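First the structure, in the form of structure tokens, and then the observations on it.
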Amino acid sequence: MTGLVPTLSSRISWRLNLLHKTTQYVTIRAFKALRIPSRPVLPPLSSAFPLNSSPPRLVSSYSNKSAAVQMQNPLSSDDNLVILGIETSCDDTAAAVVRSSGEILSQVVSSQADLLARYGGVAPKMAEQAHAQVIDQVVQEALDKAQLTEKDLTAVAVTIGPGLSLCLRVGVQKARKIAGRLNLPIVGVHHMEAHALVARLVEKKLQFPFLALLISGGHNLLVLARDLGHYIQLGTTVDDAIGEAYDKTAKWLGLDMRRSGGPAIEELAHEGDAEAVKFRVPMKQHKDCNFSYAGLKNQVRLEIEAQNINAEIPISSASSEDRGARANIAASFQRVAVLHLEEKCQRAIEWALKIEPSVKYLVASGGVASNKFVRSRLNQVVERNALQLLCPPPSLCTDNGVMIAWTGVEHFRVGRYDPPPPANEPEDAQLDLRPRWPLGEEYAEGRSDARSMRKARIHPSLTSLIQASLLGQPKPTV
Ligand code: KG4
Ligand code: ZN
């Protein structure tokens, strides 16, 4: 994989970009002529395919510089696509129907909040069962609410990674069943790319390149989005993500976890003094864009123990003194957790502008980006740097089907999809699921000694797969 790390200042990466855009143009022209082409004109990610089937080949290339310019507006192409998106990578079962114009025709989310509250985290086997119980109903409701007949659908998009493989499988099987029955193409979607790209549905003027901070329960990413499918990872977490730290803090403080821990901490923090407990800001000495929340989580746990706070007593039954102490910890935790984001975002902005001086936006997305304190602090950072902050509304920040459908639209428009699966595919067909799937290659300056990420069984990044396929090279292997 290291051989695929892009050398950012090299001419090669510029040429890759140009090739990418010009081939997009050909795809769209070809697609207009044939509403659902019998085969893709660009190689798909070979995503939702069973592993034993062979991916379609690149059958077209084009090199006219003016064509690249025509692709600058992401919505200049066919606006009549209608895509069903399905998401089951973690603890929410979600489906939505979206038009390529950006119109959201329906959105349905069934959350496993009760399970989360009971276990204080996601238990894969139980999460899988919960997805399997509701998936049919969630998808049907999304189709009903969209008031479409099945023949109005253009394609089905589904999350294939990263996430829990047991959970991913439920969504992918459902997507393939529908696509097989209706003879629809299928788009395999990267969950974190979807968190970033949904900002382009919300804000039509958001063009590449842009910087994205993606903050959720399992991920903490700073990426430079150079183009569709072309991402440079400036930073990631060396251990836990910020959402995990919010969730555990909420659990240890005895908060009501039914809406997940983040919103509960955000609410309680309003009552507390953010200076009351002096938690240390993580990774101060690391001059990179990586994150670490395991140490802060530990500091919070020790403080809760030191103050004899009993999580068995729910916050609703706590004395006012006890409640005040918990609120102080919530506020102090939140202040430091977000300070860590601010510091790394400041550096990432500097790096991003060095690589792509035309960057104008920082997109903040993922569940934690629905937090108002997070948004207001990030806003100060971007304003200091003369950039703008773009956060999707909370319902599009937390896991949802709209972001998957929209990412399906973006990739479908450039021809990255798989042909319809067979109508009678066996239940036990081996599927290409990508539980550990980076979005892009690491920026060379961003490698940190503090990194402790396990590298085993990591799938080649989305970016390396797309770049290799555009060059007609064999796909990188795991
Ligand atoms: O993106 P998301 O819905 O799912 C994952 O992909 O993980 O993010 C879920 C995370 C949870 O950790 C949840 O506590 C956190 O987002 N979250 C929040 C808020 N709303 C959700 N964290 C802080 N403040 C919030 N308002
Ligand atoms: Zn997510």
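Nothing here was measured: the structure is a model prediction, and the numbers come from that model. Counting begins at 1 with the first residue of the sequence. Counting starts at 1 for both ligands and their atoms, in listed order.
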Spacing of CG belonging to L462 relative to CZ belonging to R416, to within rounding of 0.5 Å: 8.0 Å
Please determine whether side-chain hydrogen bond (donor to acceptor under 3.5 Å, both in side chains) holds for the pair N371 and Q334, giving the CA-CA distance in whole Å, both sets of side-chain angles, and the decisive distance to 0.1 Å. CA-CA 10 Å; N371 180 301; Q334 178 165 260; 3.0 Å; yes
Walk me through it: do Q129 and Q133 pass the test side-chain hydrogen bond (donor to acceptor under 3.5 Å, both in side chains)? CA-CA 6 Å; Q129 282 166 3; Q133 258 170 28; over 6 Å; no
Side-chain donor-acceptor pair under 3.5 Å between E193 and Y231, yes or no? yes
Any chance you could measure D247, atom CG, to I242, atom CD1, to the nearest 0.5 Å? 10.5 Å
Taking only heavy atoms of the protein into account, state which residues are under 4.0 angstrom from an atom of ligand 1, in chain and number order. H191, H195, S216, G217, G218, G243, Y246, D247, S260, G261, G262, P263, E266, G366, G367, V368, S370, N371, C397, T398, D399
Which atom, counting only N, O or S, brings H195 closest to the Zn ion (ligand 2)? NE2
Working to the nearest 0.5 Å, report the span between OG1 of T88 and CG of L168. 5.5 Å
Taking the N/O/S atoms of D399 one by one, which is nearest to the Zn ion (ligand 2)? OD1
Does E244 pair with K297 as a salt bridge, N-O distance under 4.0 Å? yes
Do any of the N/O/S atoms of H191, backbone or side chain, fall under 2.8 Å from the Zn ion (ligand 2)? yes
